[in-house]
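In what follows, a single structure is set out as structure tokens and then discussed.
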Amino acid sequence: MQSTFTYNFDTPAFKGTSTFHTGLFIGGKWMDPVKPATIEWVTRKDSVFMILTLPISVINPATGKVITTVAVGSSQDVDIAVDVAKKAYKTSWGLKVPGTARGKLLHKLAELLERDMDEFAALESLNVGKCKVFGNAKSGDVQGSIDVLRYYAGWADKVQGKTIETNENKLAYTRREPFGVVGQIIPWNGPLLMLAWKFGPALATGNTIVLKPSEITPLTALRFADLLIEAGFPPGVVNIVTGYGLTVGQAIVDHPLITKVAFTGSTLVGRKILKASSESNLKVITLELGGKSPTVIFDDADLEQAMKWAAFGI
């Protein structure tokens, strides 16, 4: 039986609580992982890795203390999530739901996030350690996420094909269709905004989702799942599997029923994802890669300004 966690905020910027589930969000329900907590050894070519499937300790970067623990998914949980997402795509989403209806749900999702924006700003600040903490998270990450969802809500009923001139005896046209089940892997920095950037276009165009948030900063993604339920998204349209890249991330990239993967993270992992795609079902890959805001500061720099903008870049 999955548990919830409540954090009590008592700061000048925000006083209140945030309650969220700590399990896996699959098929519109909260679930425990298939595998119990264990330590296992995984061999990949010439390397051997130790995989901890103990609950993930989520750390407050400001204090180094554990905020809470969340579930660790495995490839078996990804299999379940993909099957559920595929069924939802075929029966209650995708081409079964017109763009106007998808747009309405995305607008509702944006409204709910706006209603709870102070809570989400506080939770994002707690988990990520945002520059300027609450204020920056609220005006940047949360407001940006709301704006992105509204933007793609407006696009949902404007995905159109073309009729192509040939001759009077023939009708030729193009039709834009969803990929189906898409995999999404997001990094630790700006996790809520990264989630909105991935969810918005995928949902607007009728795809179903299996998302792996960063194991370092999963809290706003878990809290966001409750908004999906409240907004009225059909079960299975969005599934969130927490875990590690070597297990959950790899399972998403390798899965034969996932036809597209969107990944934000390191160049090294991006190369591995492209290679995995070439060796599996040639899924379409979207990559946003790079280091974490490298900064060169010269001797004559204004150090106060340099520190300010270096922190902002992170």
Side-chain angles (χ1 to χ4, degrees), residues 26-28 78-110 145 147-186 194-212 228 231-239 251-264 270-289:
I26 298 176
V78 172
D79 289 342
I80 294 169
V82 171
D83 288 344
V84 167
K86 188 70 174 180
K87 181 179 178 181
Y89 175 71
K90 292 288 189 181
T91 60
S92 58
W93 198 245
L95 299 177
K96 299 289 184 180
V97 179
T100 50
R102 298 196 300 269
K104 185 177 180 180
L105 286 170
L106 281 168
H107 273 301
K108 178 64 174 176
L109 194 57
S145 299
D147 293 343
V148 165
L149 293 173
R150 285 183 172 144
Y151 175 82
Y152 283 107
W155 269 109
D157 62 353
K158 300 173 184 66
V159 180
Q160 301 166 347
K162 295 181 179 180
T163 55
I164 302 166
E165 182 66 27
T166 54
N167 60 58
E168 63 180 8
N169 298 316
K170 185 187 299 183
L171 173 65
Y173 67 94
T174 61
R175 180 186 184 185
R176 294 183 179 272
E177 297 183 352
F179 283 100
V181 182
V182 299
Q184 301 179 341
I185 304 171
I186 58 177
M194 294 285 179
L195 178 149
W197 288 351
K198 298 287 191 286
F199 278 12
L203 293 174
T205 50
N207 298 282
T208 55
I209 295 169
V210 177
L211 171 85
K212 188 197 94 66
L228 291 164
F233 281 83
V237 170
V238 176
N239 307 275
I252 288 174
V253 171
D254 289 340
H255 205 287
L257 295 183
I258 291 178
T259 52
K260 184 184 189 303
V261 168
F263 169 78
T264 300
R271 289 194 179 104
K272 291 181 178 180
I273 289 173
L274 282 176
K275 186 172 185 292
S277 172
S278 71
E279 294 174 346
S280 57
N281 61 339
L282 292 174
K283 49 177 64 69
V284 177
I285 304 293
T286 301
L287 301 175
E288 180 190 1
L289 308 177

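All values below come from the heavy atoms of this structure, side chains included, with hydrogens, waters and symmetry mates left out.
Closest non-hydrogen pair, N281 versus P256, comes out as ND2-O, 3.0 Å. When all heavy atoms of T166 and A172 are compared, the closest pair comes out as CG2-CB, 4.0 Å. Summarising the geometry of G27 relative to V84, their closest heavy-atom pair is CA-CG1, 3.4 Å, with the distance given to 0.1 Å. Scanning all heavy atoms of the two residues, the minimum distance from G183 to I252 falls at CA-CG2, 3.7 Å. Of all non-hydrogen atoms in I209 and A202, the two that sit nearest each other are CD1-CB, 3.9 Å. Across all non-hydrogen atoms, the minimal contact from P235 to A88 is O-CB, 3.6 Å.
Looking at F179, F199, W93 one by one, the single match for side chain to side chain contact (heavy atoms under 4.5 Å, CB included) with N207 turns out to be F179.
In this structure, R176 contributes its side chain and G161 its backbone to no donor-acceptor pair below 3.5 Å. One N or O on the side chain of K283 and one on the backbone of H255 form a donor-acceptor pair closer than 3.5 Å. In this structure, the side chain of N239 does not engage the main chain of V210 through any donor-acceptor pair within 3.5 Å.
The neighbour count for K104 NZ, taken as heavy atoms of other residues, nucleotides or ligands under 6.0 Å away, does not exceed 12. Crowding of K158 atom NZ: a count of heavy atoms from other residues, nucleotides or ligands under 6.0 Å exceeding 12. Within a 6.0 Å sphere centred on NZ of K86, other residues, nucleotides and ligands contribute more than 12 heavy atoms.
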### Message
Run I186 and L211 through side chain to side chain contact (heavy atoms under 4.5 Å, CB included) and show every step you take.
### Response
CA-CA 8 Å; I186 58 177; L211 171 85; 4.1 Å; yes

### Task
List the steps and the verdict of side chain to side chain contact (heavy atoms under 4.5 Å, CB included) for L203 and F233.
CA-CA 10 Å; L203 293 174; F233 281 83; 4.0 Å; yes

### Query
Under the side chain to side chain contact (heavy atoms under 4.5 Å, CB included) criterion, do V148 and W197 qualify, and how do the steps go?
CA-CA 7 Å; V148 165; W197 288 351; 3.5 Å; yes

### Query
Please walk me through it: do H107 and R150 pass side chain to side chain contact (heavy atoms under 4.5 Å, CB included)?
CA-CA 6 Å; H107 273 301; R150 285 183 172 144; 4.2 Å; yes

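The CD atom of Q160 lies 15.0 Å from the OH atom of Y173; values are rounded to the nearest 0.5 Å. For the atom pair CG of L257 and CG of D83, the computed distance is 6.5 Å after rounding to the nearest 0.5 Å. To the nearest 0.5 Å, atoms OG1 (T259) and CG (L282) are separated by 12.0 Å. Distance check: T264 OG1 to L287 CG gives 8.5 Å after rounding to the nearest 0.5 Å. Of the inter-residue distances, the one linking T208 atom OG1 with I258 atom CD1 reads 9.0 Å to the nearest 0.5 angstrom. Atom CG of residue D254 and atom OG of residue S277 lie 10.0 Å apart, to the nearest 0.5 angstrom.
Residues K260 and T286 bring a donor and an acceptor atom of their side chains to less than 3.5 Å of each other.
Under the 4.5 Å side-chain criterion, counting only non-hydrogen atoms from C-beta, L95 is in contact with P178. In this structure the side chain of L228 reaches within 4.5 angstrom of the side chain of L109, judged on heavy atoms.
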